[in-house]
Structure formats: C-alpha cells, structure tokens
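Quantities reported herein were computed from a predicted structural model and do not represent experimental measurements. Order of appearance sets the numbers: ligands from 1, and atoms from 1 within every ligand.
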Amino acid sequence: MTSPLVVAIDGPSGSGKSSTSRGVAERLKLAYLDTGAMYRAMTWALLEQGVDLSDADAVAVAAEKVTLESGIDPQDPTIHVDGTDVAEPIRSEEVTGSVSLVAAVPRVREILVDLQRSTIASSAGIVVEGRDIGSTVAPDAPVKIYLVADPAARAARRAAETGAVDATATQEALARRDEIDSTRATSPLAKPDGAVVVDSTYLTLDEVIDAIVSIVDTATAG
Ligand SMILES: Nc1ncnc2c1ncn2[C@@H]1O[C@H](COP(=O)(O)OP(=O)(O)OP(=O)(O)O)[C@@H](O)[C@H]1O
Ligand SMILES: Nc1ccn([C@H]2C[C@H](O)[C@@H](COP(=O)(O)O)O2)c(=O)n1
C-alpha cells in the first residue's frame, strides 16, 4: 500500500503559502491544512480566557484544555475552537500581534504538532502549510517547498489585502514576526532539508501554483 501524498509548504509571513497551498490542493484534488490558523486559534482561545501570554507556564497549562478542529477542504477551510467558528477573529490585529509568543511555547507546539500529524495520517493526501512542516511535522514528506518573496513584495501584497495605507508599517510588522518565528528555540522557521525554494516575488499566483504542481508531478512520477 502506498502512503498518502504529503506536500509540505513552509516560508515566512506573507510569502503566499495559504493562497498557493489552497490552489495546489484544489488542482491535485488533495486536502489542505493551514497550521498557522491553528496557532492563531490557540492564541484567540487564550486571549478569550484572559491568560497572560507572556507567562509560558500559564500558556502551556491553559493550552491543554483547548479543543481545535480544522476543516481540510481547500475550497472551504474551517477552524473551530470548542465548537465556535473563529475563522474571522483569528485574523484580528490582536491575534496577529500575539501569535508568535504563543507559538514559541514548546508545549503548545507539541499539542498542535500531534493534532497536525493525526490530520495528515487520516487524510488521503494533503497539502500542509506553515513554518515547520518539512522540518518537524512531516520530515518524510516526498515534496517540500520553501516559498519566499522579497519583504517589500510581501508587505505590498498584505497591505493590498488588508487595506493598510502604511506599507512600511506592514513590512516592519512582517519582519518582527519573521524574526521571532526564526529565532525561537523550538522548530524555528528555516528552509527544511531537501526543500525546493520557490521565489514568488515576480510570479503571479497562478504561476506559483503551476511551478509547485510541476514539482509535485516530477517528484511523484514513475
Ligand atoms: N504570487 C502572488 N502574486 C501576487 N499576490 C500574491 C501571490 N501569492 C499570494 N498573494 C497575495 O499575497 C497575500 C498574502 O498571501 P498569503 O496569505 O497566501 O500568504 P501567507 O504566506 O499564507 O501569509 P501568512 O504566513 O501571514 O499567513 C494575499 O493577499 C494573496 O492573495
Ligand atoms: N507551522 C507553524 C505555523 C504557524 N506558526 C506561527 C508563526 C506565525 O507567526 C503564526 C501565524 O501563522 P500564519 O497564519 O501567519 O501563517 O503561527 C508556527 O510557528 N508554525
């Protein structure tokens, strides 16, 4: 029996992981898991409970009791915390500004990595995006992509999406999050061994999807 195909897509904030991963999953008729949404949902839940996010022990204890559910249809990905749909609130500035703090707590990572691995194992093939997928969550994935783009391009795309007028502030916020994500002790953001680097700076979304589908086709041919 062959094991289900896992396509791991990692990269810094705003490089296009979510849009690209959904597109690749739709094209290849695979499921899609947004692991960043899981860290955001955990952060939302802890904020709702009034947990002091600078207290790593308190975060670790409270995280044990949070129940997360990810819907993995690339056409309609969903995320629930204890039965509540949190797709919208997890994109708030408050969550975006705090999520790196929560993602740096080792117990939080253990809980979410376990959940991610069981979602992968129960799928029939899946595109998984995040920061540590090719390195930690699914190191044996047959296809690993490290998706990058110039900081200015990432900031311009994110500002266009959110309607932010100050692209410089957006670029600084992305840089701060990248810095925390790539310097934390546990599973920092880094190019995983064996990953193919795809630079989306000068490519349209469709061109990036084409490039990754072609990498998957080559890796799985024969
Ligand atoms: N190749 C591309 N060309 C132009 N715009 C793009 C491209 N790829 C993604 N985008 C746009 O850039 C923005 C950021 O993309 P996306 O949310 O997919 O990035 P991300 O890496 O998942 O970000 P984050 O890590 O912060 O969740 C979105 O508005 C998306 O539509
Ligand atoms: N596998 C992952 C996915 C995400 N994170 C952290 C890092 C980000 O700052 C945050 C939110 O992710 P995004 O929605 O912006 O992709 O979650 C992580 O540490 N590991």
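Screening S15, P192, S135 against D10 for a side chain to side chain contact (heavy atoms under 4.5 Å, CB included) leaves a single residue, P192. Of the listed residues (T35, I120, L33), just one forms a side chain to side chain contact (heavy atoms under 4.5 Å, CB included) with V137, and that residue is I120.
The pair D217-R27 does not count as a salt bridge, with every side-chain nitrogen at least 4.0 angstrom from each carboxylate oxygen. A salt bridge does not link D73 to K29: none of the charged nitrogens lies less than 4.0 Å from a carboxylate oxygen. Ionic pairing of R158 and E161 is present here: one or more N-O contacts between side-chain nitrogen and carboxylate oxygen are shorter than 4.0 angstrom.
The shortest distance between side-chain heavy atoms of L147 and S200 falls below 4.5 Å.
Applying the 4.0 Å criterion to heavy atoms of D181 picks out, from ligand 2, the atoms 7 (C), 8 (C), 9 (O). Listed by number with element, the atoms of ligand 2 under 4.0 angstrom from any heavy atom of S100 are 9 (O). Close contacts of ligand 2 with A103, meaning ligand atoms under 4.0 Å from a residue heavy atom, involve 6 (C), 19 (O).
For ligand 1, residues of the protein lying within 4.0 angstrom by heavy-atom distance are P12, S13, G14, S15, G16, K17, S18, S19, R131, R157, R158, E161, R177, L203, T204, L205, V208.
Residues satisfying the side-chain hydrogen bond (donor to acceptor under 3.5 Å, both in side chains) criterion with E110, sequence neighbours excluded, are R107. Under the rule for a side chain to side chain contact (heavy atoms under 4.5 Å, CB included), the partners of I180 that lie at least two apart in sequence or sit in another chain are S100. Take V61 and apply the side chain to side chain contact (heavy atoms under 4.5 Å, CB included) test, not counting sequence neighbours, and it matches K65.
Residue contacts with ligand 2, taken as heavy atom pairs separated by less than 4.0 Å, do not involve E129 at all.
Judged by distance alone, the side chains of R40 and T96 do bring a donor and an acceptor atom under 3.5 Å apart. Side-chain atoms of T43 and S98 include no donor-acceptor pair closer than 3.5 Å.
Summarising the geometry, atom CZ belonging to R157 is positioned 8.5 Å from atom OG belonging to S19; distances are rounded to the nearest 0.5 Å. To the nearest 0.5 Å, atoms CG (L28) and CD1 (I212) are separated by 10.0 Å.
In this comparison of R40, M42, M38, R109, the heavy atom closest to atom 18 (C) of ligand 2 sits on R109. Atom 16 (O) of ligand 2 has its nearest heavy-atom neighbour, among R131, R91, K17, in R131.
Atom 15 (O) of ligand 2 has its closest protein heavy atom at R177 NH1, 2.8 Å. Looking only at protein heavy atoms, the nearest one to atom 17 (O) of ligand 2 is Y39 CB, 3.5 Å. Taking atom 3 (C) of ligand 2 as the reference point, the nearest protein heavy-atom neighbour is T35 OG1, 3.4 Å. The shortest contact between atom 1 (N) of ligand 2 and any protein heavy atom is with D132 OD1, 2.8 Å. The closest protein non-hydrogen atom to atom 12 (O) of ligand 2 is G36 CA, 3.5 Å.
Residue D34 places no N or O, backbone or side chain, under 3.5 Å from any N or O of ligand 2.
Using a 4.0 Å heavy-atom cutoff, S13 is absent from the residues neighbouring ligand 2. Under a 4.0 Å heavy-atom criterion, R184 is in contact with ligand 2.
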